Amino acid sequence: MTAGPISRRRALALITLGTASVAAGAAGWVTGLGAPAVRGHLLPGPAGQLLTQPTVLASRGGVLRVRLTAAAGAWLAGRHTRALGFNGTSPGPTLRVRPGDLLQVQLVNQLDQPTNLHTHGLHVAPEDHGDNPFVTIDPGASFDYSYRIPATHPTGTFWYHPHHHGHVADQIFGGLAGALLVDDGPDLPVTRDRMLLVMDTTLDAAGHVATASAMDRMIGREGELVLLNGQHQPHIASTAGGAERWRVINGCTSRVLALRLDGHQLTQVALDGHFLPAPADRDRVVLAPGNRADLIVRPTGSGQFGLVTDPYDRGGAGMMGGMGMGGRATGNRPITLATLTITGPAAPPPSLPASLPAPPTPQGPPSAHRQLSFAMGMGPGGMRFTIDGRGFDPTRDDHSVRLGTIEDWTITNTSPMDHPFHLHVWPIHVLSASAPGAPGANLQDVVLIPARGSVRLRIPFTDYAGRSVFHCHILDHEDAGMMATVNVHAT
Ligand code: C2O
Ligand code: CU
Ligand code: CU
């Protein structure tokens, strides 16, 4: 089970993931504008174009300094639109850092509403200029973020997106997100390394992003277009006998992905930026909004194979309050995200190692046990989305946690819809869940709480003091108040 010399693997990974360590401009901020073009500009078209990778901005000498400008008028789905982008594209550039690096992002807000930035899944300090969800960047203003990636940070697939309460769903559905890779050189024997950021949106003929109806906001909006790296149904050209690493990010506002690849098994090696203990073969990989999976694909056979997301029933609001609202949270047909085209003579793919460098899962006994409840109900102003009966208030400390402790949280969902629970900064270990599929011997940062069900989590608050949030990652629900604060304090 060996994988060939590291130098070859390294060379392959460098070729395929790209190493656009773009030289800093006069002001010292890297934007990727004017970098070697790796985006779709050169291959416009509605469908069937080759899958492209966003520009990769990689750290050098332990530092990555980038400027991200959020503005309308992004290139999306093969044309100029009024969608939102970072530095002119949706998704924005891929940021690549190593453990121990300093990541500095100057976020420039050229939107007509407030915004900010969240580094989803990164285990970094949550306050001040770090991964602080309470920052407001007004239109026309900018903010300098500075993230120290710990030397012990897991290597894997993360992402960034806006997080200004009340605007998160609109801004991500509008196109604002990008990949964030923590990468310390090749760690698996793969022949290609691709990033696949899935986002959905709805565009009208003039290229404007559709506004969400009240029903959309209640169910959680799903777009008519499901895009891969901003492209509509691109082709992925591959060679038989390879082993490709696909870093799939579910960047959809509300849609749960149930991925399969025609004619192939998917081998999952990581979830939410954390390696699994061993590669796991799957017919389908379910990703809630915010989840990431690193998959090994071994192209076999010749011809074309669809990468498809199957319908996933995440519940509905039909029963809510006996109002007879028929909203269901899913379409009823499979959607093709991309087509894998395989050429070349059959050849055996490189073998994967039998075990992977998974982080240890936190061991009990926990020092505290909390019960939380996610709920939906009618209020005077319409549907309310609550945690423990309350809507989000950024000034309130909902939970106080002692730094250095491990806690068990049981989260109950009393509503008829699934809610993907997400905690910033501190990864979670799912101990058990009332529906199959969720628990595993791994760390993750988003977990579906099944409709009328529950999950039990173990959370190591072993480092990083500070205030942050947890919330439903159906971002319409988060914007409607399904978010709460946690304050991790040293004494
Ligand atoms: Cu992906 Cu609080 O977010
Ligand atoms: Cu997050
Ligand atoms: Cu929800």
Side-chain angles (χ1 to χ4, degrees), residues 91 115-124 126 130-135 147 157-169 171-173 176-180 197-199 216-222 249-256 272-273 287-292 314-317 320 327 329-330 372-377 383-387 391-392 394 411-428 443-453 455 459 464 467-486:
T115 192
N116 65 14
L117 195 73
H118 169 48
T119 52
H120 180 128
L122 280 198
H123 186 55
V124 293
D131 185 22
N132 183 344
F134 305 105
V135 166
Y147 312 93
T157 305
F158 304 87
W159 63 302
Y160 63 87
H161 62 75
H163 214 287
H164 195 280
H165 180 60
H167 299 288
V168 183
Q171 290 180 8
I172 293 184
F173 196 75
L176 288 175
L180 206 176
L197 173 47
V198 184
M199 299 174 74
D216 288 336
R217 289 177 194 277
M218 183 170 72
I219 305 293
R221 73 190 77 177
E222 295 191 5
I249 302 170
N250 185 355
C252 296
T253 308
S254 317
R255 181 187 297 275
V256 175
D272 291 352
L287 294 180
N291 277 139
R292 291 86 63 209
R314 54 187 178 85
M320 288 308 300
T330 189
L372 295 89
S373 156
F374 278 51
M376 295 164 60
M383 186 64 68
R384 293 185 70 228
F385 291 86
T386 59
I387 297 174
F392 180 60
I411 307 175
T412 303
N413 173 5
T414 63
S415 78
M417 297 180 68
D418 297 356
H419 297 289
F421 170 90
H422 170 54
L423 171 65
H424 289 202
V425 178
W426 302 276
I428 61 184
L443 293 168
Q444 60 193 85
D445 57 55
V446 180
V447 60
L448 275 176
I449 323 168
R452 304 204 192 288
V455 294
I459 311 171
Y464 293 121
R467 275 178 102 239
S468 193
V469 293
F470 59 88
H471 58 89
C472 176
H473 218 290
I474 290 174
L475 297 165
D476 284 296
H477 296 172
E478 181 269 298
D479 282 334
M482 198 172 246
M483 177 153 72
T485 63
V486 58

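This chain uses plain numbering: 1 for the first residue, then up along the sequence. Predicted model only: the values in this text are computed from it and were never measured. Read the numbers this way: they start at 1 and go in the same order the structure lists the ligands and their atoms.
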Tell me which one of Glu222, Arg221, Arg314 satisfies side-chain contact (heavy atoms from CB on, under 4.5 Å) with Arg255.
Glu222
Without hydrogens or angle criteria, can the side chains of His118 and Asp131 be said to hold a donor-acceptor pair below 3.5 Å?
yes
Rounded to the nearest 10 degrees, what's the angle NE2 of His471 makes with NE2 of His424 at atom 2 (Cu) of ligand 1? Could you check?
110°
Can you check whether Val425's main-chain N or O pairs, donor with acceptor, with His123's side chain at less than 3.5 Å?
yes
How many protein atoms of type N/O/S are positioned less than 2.8 Å from atom 1 (Cu) of ligand 1?
3
Can the ring centres of His165 and His471 be said to be less than 6.0 Å apart?
no
Is the Phe385 ring parallel, tilted or perpendicular to the His477 ring (thresholds 30°, 60°)?
parallel
Closest non-hydrogen atom pair, Asn132 against Asn116:
O-ND2, 4.4 Å
Decide side-chain contact (heavy atoms from CB on, under 4.5 Å) for Thr115 and His167; before the verdict, give the C-alpha distance in whole Å, the side-chain angles of both, and the deciding distance to 0.1 Å.
CA-CA 7 Å; Thr115 192; His167 299 288; over 6 Å; no
Closest heavy-atom pair and its distance - Pro126, Trp426
CG-CH2, 4.3 Å
Measure up the His120 and His161 rings against each other and bin them: parallel (under 30°), tilted (30 to 60°), perpendicular (over 60°).
tilted
Least distance between heavy atoms, Ala169 atom then Asp479 atom
N-OD2, 2.8 Å
Is any protein N, O or S atom closer than 2.8 Å to the Cu ion (ligand 3), and if so, which?
His419 ND1, Cys472 SG, His477 ND1
